[in-house]
Amino acid sequence: MKGFLQIHDPLKPRGSVVGIDLGTTNSLVAAMINGKPECLVADEGGSKLLPSVVHYAANGSVIVGRHAFDVLPEYPTDTIKSVKRFMGKSLGDLETKKLGAYKFVSGKGVVRFDVAGGQPVTPIEVSGEILRQLKRRAESHFAGKVEQAVITVPAYFDDAQRQATKDAGRLAGLEVLRLLNEPTAAALAYGLDKGVQGLYAVFDLGGGTFDISILELVDGVFQVKSVGGDSSLGGDDFDRAIAHQVLDARGITAPNVQQVASLLQLARAAKERLTDAAQTELVFEGVPFPLSRADFNAWIQPLLLKTGSSVRRALKDAGVTTADVKGVVLVGGSTRVPAVRDYVAELFGQPALADIDPDQVVAYGAAIQADLLTNEDRKDEVLLLDVIPLSLGLETMGGITEKLIERNSAIPTAQGQLFTTFQDGQTGMDIHVVQGERELVADNRSLARFRLSGIPPMAAGMGRVQVTFRVDADGILSVAAKEETTGITQQITVKPTHGLTDEEIEQMLLDSIDHAEDDMQRRLLAEQRVEAERLLIDGAKQLFENGDLLSREERAALEKEFVRLERLRKIETNHEALKAAITEIDTLARPFVERIMDRAIGQAAVGQRVEDF
Amino acid sequence: MTHFDLFNLPPSVDLDVKALEDLHRKLSLESHPDRLASGADARARRLAAEKSASLNEAIKVLKDPVRRAFYVLELKGVKLDTEQAAAKLKMPLEFLEEIMERREALEAAKAGRKLEAAQSMGKEIHAALTQSLSLAQDALRKDDVAKASLALGRVRYYARFLEEVDAFEEELSS
């Protein structure tokens with residue numbers, strides 16, 4: 001009975017579930033509405049795209065989205081964009097520093113941005129702000145709580161990047177039902193909407209990441225055959241290519257922070273214009289710089305070629321050729337660039353599909369998966385079988401990587417390896433977990449190091465330790481070790497070298513509760529807005545169904561109040577004022593509510609009598 | 001429980017891969033953790049994940065003819081997956097000399113960053129691998145463990161060689 005209660009616990013309503021595309025440039029939140037995935041309004045002005053930009057103001061407030069984007073040129077070091085490119089990275093990682101004008105707090109481990117208004121922030125917290133904003137937007141859409149989400153990640157994200165994304169979800173108060181690979185999400189949206197079957201390729205070029213996935217769709221099973229890509233290649237690099245040309249042409253060798261920030265925005269706008277126009281002009285500091293689509297195509301050619309080699313590798317790993325591919329799905333804003341489309345068509349020998357909005361398709365897929373995972377009625381329809389993108393291994397003698405789980409292995413998966421002691425009386429063993437394809441440990445990504453202790457002293461070669469790698473359906477690794485002679489087991493949580501510890505996350509969660517007075521005010525306001533919206537929806541429904549219970553004057557008075565509340569809901573920034581208005585209407589509507597109740601009781605009583613006889 | 005047992009198949013080098021994949025899909029639909037009700041407890045989830053993981057491991061081994069042959073041999077009592085085990089095989093000296101020469105040639109091609117040369121060596125080795133594999137399969141069908149071990153011993157060297165060609169290709173293209 002306990003299990004049953006867990007499923008239908010009336011005391012703990014789960015609220016609505018959503019799918020979130022946490023993008024480099026823009027983020028979206030989607031949900032199933034009347035059986036179809038739909039993106040919800042995520043930013044000011046009714047936009048479904050929330051720019052993934054977070055501004056930290058000197059007064060300690062945090063702004064997310066379009067407004068943050070607008071102040072970026074003015075506050076380039078306090079406004080974090082493309083934070084996804086920093087997820088799971090350390091300052092020591094190549095190219096981290098060239099990604100913007102940021103001030104970093106020096107030190108080992110996770111990257112920390114030195115921003116205005118308080119403590120330095122990590123990429124996980126910045127992403128957490130974006131997720132929190134999306135959560136709030138979804139909550140105001142549903143006029144109720146949203147606590148569970150599927151969040152998408154590039155298929156090519158490594159373990160550290162996945163962990164970081166999951167932690168960001170936790171910081172935002174979301175239970176992450178699943179980390180879903182973006183191309184898989186897109187395939188899911190296409191597969192269910194268009195009913196496609198067979199072998200498909202998903203070419204996903206976003207703002208900062210490139211993914212290629214080869215999938216086979218058979219009878220409701222979406223099986224990923226292989227993935228490939230580059231977790232730091234995207235439309236941002238196209239912008240940078242233009243910016244470099246402008247700087248060269250102007251002979252600017254050492255641009256300042258503001259120059260870089262504003263030039264990158266101008267470059268991005270010019271790139272977007274070139275999607276429709278063959279020729280455009282970029283005006284930087286009053287000086288016009290003409291550029292043609294042909295120029296632009298030539299500048300980005302090396303970047304396109306990089307995607308080509310990833311595609312060939314993924315096809316090879318899947319054991320297929322372009323001739324086997326039935327269709328190519330385009331995902332990501334950067335696939336709007338005509339040169340990208342032409343290149344993909346040439347690569348696969350067929351024009352690519354883009355009939356679902358490439359900006360929204362990933363969020364759709366995430367919403368579908370969230371529904372599949374929580375909606376008991378839909379469990380039998382579809383199953384996703386995904387793979388891990390990069391091999392997982394251990395360091396062995398001489399700094400050589402020994403692969404335990406090869407890339408493109410289906411997940412969940414588990415793999416064991418037996419290690420023996422090499423010294424007499426050895427009681428511990430150092431284990432270094434790495435991810436990547438290269439032979440030398442130094443060329444791969446170091447995920448974690450830990451020491452296995454408690455081996456009973458014995459002769460060399462006698463101590464035997466079985467190390468087991470497990471990768472769950474999120475693509476996240478855990479390691480267990482068992483000493484064979486004693487049967488002592490040790491479960492090790494692999495916390496990436498470049499991530500946050502559980503304690504740090506807990507502390508951040510506490511901090512966000514303790515110190516965020518501002519946050520609290522905003523939350524109270526958001527709650528009152530939700531309350532007002534709920535009242536308006538209920539009110540309209542009751543007026544429609546039971547309007548005959550009111551005199552014409554009563555109805556007019558109530559309707560007038562509803563209009564006033566509708567306006568207040570949008571503009572009032574003081575939660576107490578809004579609350580007062582809600583209470584006022586509540587009081588005014590009380591006689592109406594009583595009459596509705598009476599009618600309902602009357603109808604119930606009638607029903608009773610019929611049943612009795 | 002062997003990989004074959006999971007699919008209720010007799011151990012054999014001959015397998016209809018298409019049918020096997022269909023079966024894997026069907027069994028995954030039954031056992032994947034995503035199929036559990038939202039309220040399922042941790043133990044049920046862990047069991048489902050383990051079942052899925054073993055199905056995934058089994059299909060990986062069985063659908064690839066090379067891995068499958070090694071596995072069938074392993075079921076017959078000869079494990080070739082470690083250096084020590086392979087060393088006991090006593091491969092013919094002329095074969096070891098030949099493979100050493102080939103490896104030196106590959107190293108030279110890698111040092112000179114000559115992709116085409118490496119690829120054409122890869123083609124030759126691939127042909128040799130196919131031949132040895134088919135010898136091994138024949139031997140396994142006839143239950144000739146000694147002959148199968150020697151043939152797969154060769155396959156092992158060839159496969160290692162091809163891995164290196166692959167890694168080199170990847171290194172050059174990235």
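These numbers come from a predicted model, not from an experiment. Scope of the values below: all heavy atoms of this structure, side chains included, with no hydrogens, waters or symmetry mates. Each chain gets a letter, A, B and so on, in the order its sequence line appears, and its residues count up from 1.
For the pair B:N56 (side chain) and A:P412 (backbone), a donor-acceptor distance under 3.5 Å is present.
Surrounding CG of B:D16 are more than 12 heavy atoms belonging to other residues, nucleotides or ligands, all under 6.0 Å away. The number of heavy atoms from other shown groups lying within 6.0 Å of CZ (A:R464) does not exceed 12. The local environment of NZ in A:K403 is crowded, with over 12 non-hydrogen atoms from other residues, nucleotides or ligands closer than 6.0 Å. Applying the 6.0 Å contact sphere to CD of B:Q131 captures no more than 12 heavy atoms from other residues, nucleotides or ligands. Heavy-atom contacts from other residues, nucleotides or ligands closer than 6.0 Å to NZ of B:K110 number more than 12. More than 12 heavy-atom neighbours from other residues, nucleotides or ligands sit within 6.0 angstrom of CZ on B:R141.
We find the CZ-CG distance between B:R35 and A:L373 to be 10.5 Å, quoted to the nearest 0.5 Å. Between the CZ atom in A:R313 and the CD atom in B:E169 there is a gap of 10.0 Å [rounded to 0.5 Å]. Between the CG atom in B:D34 and the CG atom in A:L383 there is a gap of 6.0 Å [rounded to 0.5 Å].
Interface summary for chain B: among A:D219, A:L385, A:D230, the most heavy-atom pairs under 4.5 angstrom belong to A:L385. Per-residue heavy-atom pair counts under 4.5 Å with chain B were compared for A:R407, A:E437, A:E439, A:Q223, and the maximum is reached by A:R407.
Looking at A:S409, only its side chain comes within 4.5 Å of chain B, counting heavy atoms on both sides. Only the side chain of A:R178 comes within contact range of chain B, with heavy atoms under 4.5 Å apart. Neither the backbone nor the side chain of B:E30 comes within contact range of chain A, judged by heavy atoms closer than 4.5 Å. Proximity to chain B (any heavy atom under 4.5 Å) is restricted, for A:L384, to the backbone atoms N, CA, C and O.
In this structure, B:E21 pairs ionically with A:K225, as a charged nitrogen and a carboxylate oxygen lie closer than 4.0 Å. Ion pairing between A:E406 and B:K60 fails under the 4.0 Å rule for side-chain N and carboxylate O.
Residues A:I411 and B:H32 approach most closely at O-NE2, 4.3 Å, considering heavy atoms.
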Verdict with supporting geometry, B:S28 and A:V221, side chain to side chain contact (heavy atoms under 4.5 Å, CB included)
CA-CA 9 Å; B:S28 295; A:V221 178; over 6 Å; no
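At least one side-chain heavy atom of A:V218 sits less than 4.5 Å from a side-chain heavy atom of B:R25.
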